[in-house]
Each structure stands twice: as C-alpha cells, then as structure tokens.
Asks: 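I'd like to ask you about the structure that follows.
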There are 2 protein chains.
Amino acid sequence: MDWSIQEIAKLAGTTSRTLRHYGELGLLAPSRIAANGYRHYDERALVRLQRILLLRELGLGLPAIGEVLEGDAGEAHALAAHLGWLRQEQQRLARQIASVETTIEKLEGGERLMAEEMFDGFDHTKYQDEVEERWGKDAYAAGDRWWRGLGEAGQHEWKARAEALGRDWIAAAESGVEPGGPEGQALAKRHVEWLTGIPGTPAAKPGGDVKAYVIGLGEMYVADPRFGVNYGGTEGAEFVRDALRAYADREL
Amino acid sequence: MDWSIQEIAKLAGTTSRTLRHYGELGLLAPSRIAANGYRHYDERALVRLQRILLLRELGLGLPAIGEVLEGDAGEAHALAAHLGWLRQEQQRLARQIASVETTIEKLEGGERLMAEEMFDGFDHTKYQDEVEERWGKDAYAAGDRWWRGLGEAGQHEWKARAEALGRDWIAAAESGVEPGGPEGQALAKRHVEWLTGIPGTPAAKPGGDVKAYVIGLGEMYVADPRFGVNYGGTEGAEFVRDALRAYADREL
DNA sequence: GTTAGAACTTGACGCTACGTCAATGTCAAG
DNA sequence: CTTGACATTGACGTAGCGTCAAGTTCTAAC
C-alpha cells in the first residue's frame with residue numbers, strides 16, 4: 001500500500017514540492033517510482049517523513065535532520081546541541097530588542113544618536129588591531145582594563161558625558177566664537193576633565209604626558225572622520241582641535 | 001577630501017563587498033567615480049554609511065533602512081514596527097526552546113515521541129477541514145469546545161494516557177496474543193474508557209451511538225496511517241481494530 | 001622603463017528551505 | 001477526443017553579503 005505524492009503530502013500536512021526537495025537532498029526517497037516517473041511513498045516513508053517534519057518544527061536544519069536519520073548523530077545529542085544555538089539566538093534577540101528600545105527612547109528625546117559611533121572608536125573588540133597600532137599594545141591592554149573596570153554604570157556615565165560634550169562642542173563651533181576664547185576654553189577644560197576625571201583613564205597612560213596626549217587627540221579628531229563626525233564633521237573637529245591645543249599650551 | 005573603497009570600509013568597520021552591494025541596491029552611492037572606475041566616498045557618504053550600519057545592527061532589513069534614509073518612513077516609526085517583529089521572533093524562539101526541552105526529556109525517559117502526531121490527528125486548527133469532512137461540522141465544533149474545556153492540565157493528562165495506551169497496544173500486538181483474548185479485551189476496555197471517561201468526550205457526540213463510533217474509530221486507525229503509526233503501523237492498527245470490534249460487539 | 005604585488009573593477013555562484021511559475025507528459029472521466 | 005486534474009523536470013527568487021575568477025590599474029622598487 002502506498003500513496004501518490006499529493007496524498008502523502010496532505011497526510012503529513014506539507015506540500016509536494018517539499019517532498020521533491022527532500023528527495024533531491026537524499027532525506028526521503030520515494031519508496032517506489034512508477035514506470036511513468038510518478039513518485040509513490042509507503043508507510044515507512046510516511047513515518048520517516050513525520051520524524052523529519054517533527055524535527056524541523058523544532059528548528060533543526062535539514063542537514064542535521066539527515067544526520068539524525070542516518071544514525072550518525074543521536075537524536076538527543078543533536079537536539080541538545082540545537083538547544084544551545086537556540087538559546088544563543090534568544091540572547092542575541094534580547095540584546096537587539098534592548099538596543100532598539102533605547103534607540104527609540106533617544107530619538108523621542110531628540111538626541112542625534114551619536115554615542116554609538118563615538119564609542120565604537122574605542123571598542124576594544126572591534127578595533128583592537130587598529131587601537132594597538134595607534135597607541136601600542138600596552139596602551140590597548142591598559143585601556144581595556146580601565147574600561148572593564150568602569151562597570152556597567154561607569155560605562156554608561158562616561159558615554160552620557162561624551163554625548164553632552166559633543167552637543168556642546170557643535171553648538172560652540174556653529175556659534176562662530178573663537179576656539180581660543182572663553183567658551184572654547186571652558187569646553188576644552190571640561191573635555192580634559194572628562195578624559196582624566198575617572199581614575200585610570202587612558203589619558204594618563206601613553207607615557208604620562210597629558211599635554212602631548214591632549215594635543216594628539218585633537219589632531220586625531222580631525223584626521224579620523226569617525227571621531228570628527230561626533231563634533232559636527234571636519235569643521236567642528238577643527239574647532240575642537242584648535243581649542244584643545246590652545247588649552248594645552250596654556251594650562252598643561 | 002574623500003577615500004577609496006577600502007579605506008572607507010575599514011573606517012566604518014565593514015568590507016568593500018558590502019559597499020558595492022549597497023551601491024547596487026541604491027542604498028549608498030559613491031560620492032565620486034574616478035575616470036578609472038574606482039569608487040570614492042566623502043564624509044557625507046561616511047555619515048550615511050554609519051547610519052546604515054547602525055540600523056542594520058539593530059536588525060532592520062536593507063529595504064527598510066532605505067525607506068528611512070529616503071525619508072519615506074520616520075526612523076522612530078520604522079524602529080517601532082521592527083520592535084514588534086523582534087518580540088514575535090523572541091516568542092517563537094521561546095516556544096521552540098520549550099518544545100525542544102520537553103522532547104529531550106521524553107527521549108531520555110525512553111519514550112517514542114508519538115504523542116505529537118497522535119494529537120495532530122485531532123488538532124482543531126491544522127486539520128479542521130478534514131475533521132469536518134469526516135465527522136461533520138457539528139462534531140468538529142463540539143470536539144473543539146470539549147478540547148478547550150479540558151484546560152492545560154486536562155489536555156496534558158489526555159495526551160499522557162494516549163501515549164501509555166499506544167505503548168501497551170504495541171506490546172500486546174507484538175506478543176502474538178489474539179485481539180479477542182483477555183489482554184486485547186482489557187486494552188479495548190481501557191481504550192473506550194479513555195475516550196469516554198472525560199465528560200463531554202466526542203465519543204458520545206456523533207449521534208450518541210458509542211458502539212458505532214468505537215467500531216468506526218477502529219477502522220479509521222487502519223485506514224489512516226497517521227493514527228496507525230501510533231499503534232505500531234498497519235499491523236498494530238489492525239490488532240486494535242479487531243480488538244475494538246470484538247469489544248464493541250460484546251459489551252456495547 | 002619595467003615589473004612585481006597590491007588594490008581595484010565587474011560578474012557570478014553559494015547558502016536555507018522551499019514557493020512559484022513554465023513547459024510538458026499522463027491519467028480518468030464525459 | 002477533449003477536458004481537467006495531477007504528475008514530471010527545470011529554473012528563478014529570497015537576504016545579505018562571502019568568496020572565487022578573470023582582468024585592469026596603481027604604486028613602489030629595481
């Protein structure tokens with residue numbers, strides 16, 4: 001007793017196309033192919049098909065299902081491995097949801113969503129090679145320890161202050177005042193305090209020469225558009241650079 | 001001031017292939033194409049690229065990002081819609097995880113994972129058309145009410161008893177005893193009690209003729225392989241059918 | 001001036017699990 | 001004999017690029 005491809009598809013709650021697909025993958029061969037080329041499936045094939053569909057509903061990939069059916073992998077073992085992957089996906093989704101939520105909040109608050117990129121410039125995992133090349137391996141390791149040492153709350157505060165600073169720099173640059181004037185110098189003071197205010201900040205690390213570091217940082221804001229963007233583009237970054245240089249020359 | 005495709009790719013933390021891909025999708029065109037065909041990107045392009053990458057990290061599709069960038073859709077609006085989809089995905093994953101976990105437990109308990117398919121045969125949503133055709137519309141509606149009325153716990157118990165019955169039927173059929181003998185008749189009695197034991201069971205519905213219903217059910221186990229599978233295939237189902245017929249003839 | 005090597009270009013296939021035509025052949029019923 | 005239902009193989013499309021492949025151009029060394 002066997003059935004045509006449509007019949008078995010309805011019995012199992014799937015489509016004939018799927019059955020052909022499984023056929024060419026080697027997952028489920030027809031039990032018989034008639035002289036006219038029509039596929040026919042018997043009861044054993046139905047049972048196998050039901051197992052396939054059950055595993056597929058659990059989210060297993062077809063190759064993994066194939067291994068289970070061929071006995072290459074224990075069913076429980078394959079499912080346990082799959083469970084790990086599912087949990088990872090769930091966590092990834094949870095993180096994404098959290099990110100989207102905070103982003104929406106920021107947008108509703110009228111912010112310009114700049115902190116992410118600003119922070120990316122310092123991200124220890126993403127730009128490790130580049131950071132090491134720019135500031136040296138020791139500086140990277142020290143910066144990494146420093147960042148981790150901040151903890152959740154500290155990191156959050158650091159980023160919040162970075163955002164506030166960025167907005168104020170942009171406003172100052174657009175207002176047309178001089179970088180060496182009182183507004184620019186006040187901002188430069190805040191900027192240096194932001195960099196050095198937290199104990200262990202990398203500002204103090206590369207040689208301990210804070211003055212050279214601050215000046216170099218200003219140059220970098222101009223040279224590296226990833227930072228420049230946070231200060232309103234190249235022109236804004238030039239304003240920051242000039243203000244920092246003037247401040248460093250006078251005060252540091 | 002602009003940069004080559006490789007430079008901008010490194011600056012933004014992506015690859016040149018991705019940039020070309022965005023180019024042909026119309027998401028991000030090079031700001032300039034030199035006489036030699038090389039792509040070049042300026043600062044505005046970099047900012048746009050960073051927005052694209054940020055939205056992409058949040059899980060938005062490239063077409064949706066395109067709409068946001070073209071101003072066709074508000075950023076917050078697009079993200080809110082996306083958030084709904086993310087939450088749905090998360091729930092789907094949660095259900096899948098739960099299913100995989102219970103499946104693993106069953107496997108470790110040595111069960112044969114039959115309950116799913118057995119239940120599928122009665123699933124009100126999946127096989128509604130077929131059930132209506134086989135038993136009539138009223139029977140379907142009644143069965144649906146009955147099943148919902150059981151509640152979580154009741155449904156679980158009903159399925160557990162179905163599984164236990166299936167195992168015992170298979171064992172009896174394989175032991176070689178007669179369907180009309182004491183073992184077969186004892187099982188038939190349990191089977192009917194299982195069907196009718198819960199108030200409102202559909203067994204009593206289709207006309208109230210329990211005897212005809214039980215006999216018809218036995219035939220269906222043989223005729224419909226989806227049920228037969230739960231009793232060890234066609235041969236097992238034939239054993240069940242014969243035992244049920246004998247029991248119905250004698251006792252009902 | 002030449003030449004090796006790096007960087008650039010435009011195709012085009014591959015991956016998941018099928019859905020969806022397209023063109024054509026087969027079978028049962030009227 | 002025709003019609004309609006059902007079968008076949010073949011091939012494209014999906015999301016977002018990774019990854020060759022084959023050919024051109026730039027750069028720096030010799």
Side-chain angles (χ1 to χ4, degrees), chain A residues 2-41 45 48-69 78 82 85-86 89 92-93 96, chain B residues 2-41 45 49 51-69 78 82 85-86 89 92-93 96:
Chain A
D2 55 13
W3 304 274
S4 77
I5 195 170
Q6 294 278 22
E7 290 169 343
I8 200 123
K10 279 184 194 163
L11 282 175
T14 182
T15 70
S16 58
R17 177 66 179 91
T18 298
L19 287 165
R20 277 194 285 270
H21 186 53
Y22 292 168
E24 61 190 58
L25 288 190
L27 261 186
L28 178 68
S31 56
R32 177 171 73 87
I33 295 189
N36 56 20
Y38 285 22
R39 292 169 172 80
H40 292 268
Y41 299 82
R48 188 177 170 101
L49 175 57
Q50 285 177 323
R51 278 192 72 189
I52 293 174
L53 294 177
L54 194 153
L55 291 173
R56 198 199 49 176
E57 280 187 17
L58 297 180
L60 260 78
L62 298 190
I65 293 178
E67 289 179 12
V68 170
L69 290 177
H82 180 53
W85 143 267
L86 282 177
E89 275 297 293
R92 200 177 57 77
L93 265 183
Q96 245 183 24
Chain B
D2 55 12
W3 303 273
S4 78
I5 194 171
Q6 295 278 21
E7 289 169 344
I8 199 124
K10 278 185 194 163
L11 282 175
T14 182
T15 70
S16 60
R17 178 68 179 88
T18 297
L19 287 166
R20 277 194 285 270
H21 186 54
Y22 293 168
E24 61 191 58
L25 289 190
L27 261 185
L28 178 69
S31 56
R32 177 170 73 87
I33 294 189
N36 56 19
Y38 284 23
R39 291 168 172 80
H40 292 269
Y41 300 80
L49 175 57
R51 277 192 74 187
I52 294 174
L53 295 178
L54 194 153
L55 291 173
R56 198 200 51 179
E57 279 187 18
L58 296 180
L60 260 79
L62 297 189
I65 293 178
E67 289 179 11
V68 170
L69 291 177
H82 180 53
W85 143 267
L86 282 177
E89 275 297 293
R92 201 178 56 78
L93 265 184
Q96 246 183 23

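All of these numbers come straight from a predicted model, not from anything done at the bench. Protein chains get the first letters and strands the later ones, always in sequence-line order, with residue 1 at the start of each.
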Asks: I need the single residue from B:Arg20, B:Arg17, B:Lys10 that forms a side-chain contact (heavy atoms from CB on, under 4.5 Å) with B:Ile5. Which is it?
Replies: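 Of the listed options, the one satisfying the test is B:Arg20.
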Asks: Could you walk me through whether B:Leu86 and B:Glu89 satisfy the side-chain contact (heavy atoms from CB on, under 4.5 Å) test, starting with their C-alpha distance in whole Å, then the side-chain angles of each, then the deciding distance to 0.1 Å, before giving a yes or no?
Replies: CA-CA 5 Å; B:Leu86 282 177; B:Glu89 275 297 293; 5.6 Å; no
Asks: Find the distance A:Arg20:CZ to C:dG19:P and express it as a whole number of Å.
Replies: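 Going from A:Arg20 (CZ) to C:dG19 (P), I get 11 Å.
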Asks: Select one nucleotide: of C:dC18, D:dG18, C:dT9, the one nearest the side-chain heavy atoms of B:Thr18.
Replies: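 Nearest nucleotide to the side chain: D:dG18.
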Asks: Base, sugar-phosphate or nothing for B:Thr15? Non-hydrogen atoms, less than 4.0 Å.
Replies: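 Since only primed, P, OP1 and OP2 atoms lie under 4.0 Å of B:Thr15, the category is sugar-phosphate.
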Asks: What's the shortest heavy-atom distance between B:Gly66 and B:Leu27, and which atoms?
Replies: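 Taking every non-hydrogen atom into account, CA-CD2, 3.5 Å.
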Asks: If every non-hydrogen atom of A:Gly59 is compared with every non-hydrogen atom of A:His82, which pair is closest and at what distance?
Replies: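 Heavy atoms only, the tightest pair is O-CE1, 3.1 Å.
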Asks: Polar-atom pairs under 3.5 Å, protein N or O versus N or O of nucleotides 10-16 of chain D: list them with distances, or write none.
Replies:
{"from": "D:dG16", "atom 1": "OP1", "to": "B:Leu62", "atom 2": "N", "distance (Å)": "3.2"}

Asks: Using atom CG of A:Leu28 as one end and atom C1' of C:dA17 as the other, report the distance to the nearest whole Å.
Replies: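 Spelled out: CG on A:Leu28 to C1' on C:dA17 is 15 Å.
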Asks: If every non-hydrogen atom of B:Glu57 is compared with every non-hydrogen atom of A:Gln96, which pair is closest and at what distance?
Replies: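 Answer, listing the atom of B:Glu57 first, then A:Gln96: O-NE2, 3.3 Å.
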Asks: Check B:Asp2, B:Leu11, B:Leu28 against B:Tyr41 for a side-chain contact (heavy atoms from CB on, under 4.5 Å) and give me the one that passes.
Replies: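 Going through the options one by one, the only one that passes is B:Leu28.
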Asks: What is the distance, rounded to the nearest whole Å, between atom CD of A:Glu24 and atom P of C:dC15?
Replies: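 Distance check: A:Glu24 CD to C:dC15 P gives 13 Å.
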Asks: Atom CD1 of A:Ile33 and atom P of C:dT26: how far apart are they, to the nearest Å?
Replies: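 After rounding, the gap between these two atoms is 15 Å.
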Asks: In whole angstrom, give the distance that lies between atom CG of A:Leu53 and atom P of C:dC18.
Replies: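 Atom CG in A:Leu53 sits about 8 Å away from atom P in C:dC18.
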Asks: Report the distance from atom NE2 of B:His40 to atom C1' of D:dT25, rounded to the nearest whole Å.
Replies: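 Rounded to whole Å, this separation is 11 Å.
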Asks: What is the distance from CD1 of B:Ile5 to P of C:dA7, rounded to the nearest Å?
Replies: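 In whole Å, C:dA7 P lies 13 Å from B:Ile5 CD1.
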Asks: Answer yes or no: does a side-chain N or O of A:Asn36 lie under 4.0 Å from OP1 or OP2 of D:dT8?
Replies: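 The answer is no; no side-chain N or O of A:Asn36 sits under 4.0 Å from OP1 or OP2.
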Asks: Please name the pair of heavy atoms, one in B:Ile8 and one in B:Leu19, separated by the smallest distance, quoted to 0.1 Å.
Replies: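 What the structure gives for the nearest pair is CG2-CD1, 3.2 Å.
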Asks: Once you round it to whole Å, what is the distance between P of C:dC18 and CG of A:Leu49?
Replies: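 Checked: the CG to P distance equals 11 Å.
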